[in-house]
2 protein chains.
Amino acid sequence: MARPGGRSARVQQAVHAAVHELEAEVGREALTVPLIASRAGVTPSTVYRRWGDLRELLSDVAVEHLRPEAEPEDTGELAADLTVWAEQFLDEMASPSGRAYIRDALLGDPEGANAGQCSAYAAEQIGTVLRRAADRGEQRVPDAETVLDRVVAPMMYRILFRPGGLDADYARRLVADCLTPERDRR
Amino acid sequence: MARPGGRSARVQQAVHAAVHELEAEVGREALTVPLIASRAGVTPSTVYRRWGDLRELLSDVAVEHLRPEAEPEDTGELAADLTVWAEQFLDEMASPSGRAYIRDALLGDPEGANAGQCSAYAAEQIGTVLRRAADRGEQRVPDAETVLDRVVAPMMYRILFRPGGLDADYARRLVADCLTPERDRR
DNA sequence: CAGCTAACGCAAAAGAATAGCTTTTGCCCT
DNA sequence: AGGGCAAAAGCTATTCTTTTGCGTTAGCTG
């Protein structure tokens, strides 16, 4: 955006707020650009020009919803920190609204910038957990890439491609397997 | 569908064929229901009634594209079989058209049936590879779930959420790590 | 072969998206 | 401060998509 301040900023905020309100009032399926624009006190053409289409707008909004609200909990031990974080992550992402936001974020975003942001959020939180562990002097702290591959990716894959059968125990198993590489599998 | 044979089947095939043709001719972005319907020799309302909207239709077509065309190669050894398969899988899925099909399949499919089908295709191919290995009497053959979690899921996650930086070497590493669980990580 | 009904065609109407042009409003420069 | 430039929003007409109601066709069943 060439003009971050003033009217542009107000319009962006009004439109995002309108999406939030209308999502709650009429449901995601019933959202349309004219409806959102009218609620935001803006003309539809403004929305089309700024966002291109409804999908891209919803993609933007979805990324906001997916931003973590707090720092990961600090229990004093890596395994517990990661487990708690993974359980909560899975819980949020696998819920109906979480799945809807993920899909929206992926969808209206051919370049992958919004999707990349989602991954960056997770990477950031994991980085925090791992850094704490390293600062405490814990041994065998994996790197963030490994945790993304071994914990986050399987959860996301199942959320997107294999609906059903996801629970906190699965998250715990992934974390445990990730932290104990010598464990034998059949 | 209550009437699998006759006209219904012909319409379905004509519409799918029209999508294929037009994808090649005008590009995915330019596809519209009226355009597809006219090419298929059908009225738009028929398409809307059968598929609901464009996204669901494209989701159906995408799943067809994602169906594997051949059995996995048989090299006589599990590690090589899996490596070859993963390399090819990543290559196809990470390509621009592969990514587009994945997104389409996920998108127009609130129930997740089409997405589940994609995962089932991969599981089937992996199952074939693992079964061969077991029949040969190889030791330490993982189960299909493990391969999905450790090989397929990370590739898919990166394709969807972290564009860029994907190559055959990554696929090889995932397979190797999956087959040698005692390997130490930092 | 006769009846039933799902599925399609047709056409009208509602709604959404686009494009051209005008107006407003930040922002920068003197 | 004031003036000029250009980005962004408003307005409106037009096009295209989507929905809907009703009549027709054509598989399926007895």
Taken to the nearest whole Å, CG/L54(A) to P/dT18(D) is 13 Å

Let me spell it out: for each of V42(B) and V33(A), pick the nucleotide of DNA chain C with the closest heavy atom. Which residue's pick is nearer the 5' end? V42(B)

Distance check: side-chain N/O of R50(A) vs OP1/OP2 of dA9(D), anything under 4.0 Å? yes

R7(B) CZ to dC8(C) C1': how many Å, rounded? 4 Å

As an exercise, state the distance from CG of L82(A) to CZ of F89(A), rounded to the nearest 0.5 Å. 12.0 Å

Whole-Å distance between dA16(C) P and L58(A) CG? 14 Å

Round to the nearest Å and state the distance from E56(B) atom CD to dT18(D) atom P. 12 Å

Please state how far atom CZ in R55(A) lies from atom P in dA16(C), giving the value in whole angstrom units. 17 Å

According to the interplanar angle, ranging from 0 to 90°, do the rings of H65(A) and Y101(A) count as parallel (below 30°), tilted (30 to 60°) or perpendicular (above 60°)? parallel

Pair T146(A), D149(A): side-chain N/O donor-acceptor within cut-off below 3.5 Å: no

With the side chain defined as heavy atoms from C-beta on, V11(A) is closest, among dA9(D), dC10(C), dC8(C), to dA9(D)

Proximity to the side chain of Y48(B) - top-ranked nucleotide from dT18(D), dG10(D), dC8(C): dT18(D)

Does any N or O donor sit under 3.5 Å from an N or O acceptor when you compare the side chain of R49(B) with the base of dG9(C)? yes

Output the rounded distance in Å from CD (E29(A)) to P (dT19(D)). 12 Å

Heavy atoms of other groups near E21(A) CD, more than 12 under 6.0 Å: yes

Pick the nucleotide of DNA chain D nearest each of P44(A) and P34(B); which residue has the one closer to the 5' end? P44(A)

Would you mind telling me which of dG27(D), dA11(C), dA8(D) lies closest to the side-chain atoms of S45(B)? dA11(C)

To the nearest angstrom, how far is L35(B) atom CG from dT18(D) atom P? 12 Å

May I ask you to evaluate whether R10(A) reaches the phosphate of dG26(C), defined as a side-chain N or O under 4.0 Å from OP1 or OP2? yes

Protein-nucleotide distance (L31(A), atom CG; dA16(C), atom P), rounded to Å: 12 Å

Between N114(B) and S59(B), is any side-chain donor less than 3.5 angstrom from a side-chain acceptor? yes

Report yes if at least one side-chain N or O of T32(B) is closer than 4.0 Å to OP1 or OP2 of dT17(D); otherwise report no. yes

T43(B) vs dC8(C): side-chain N/O to OP1/OP2 distance below 4.0 Å: no

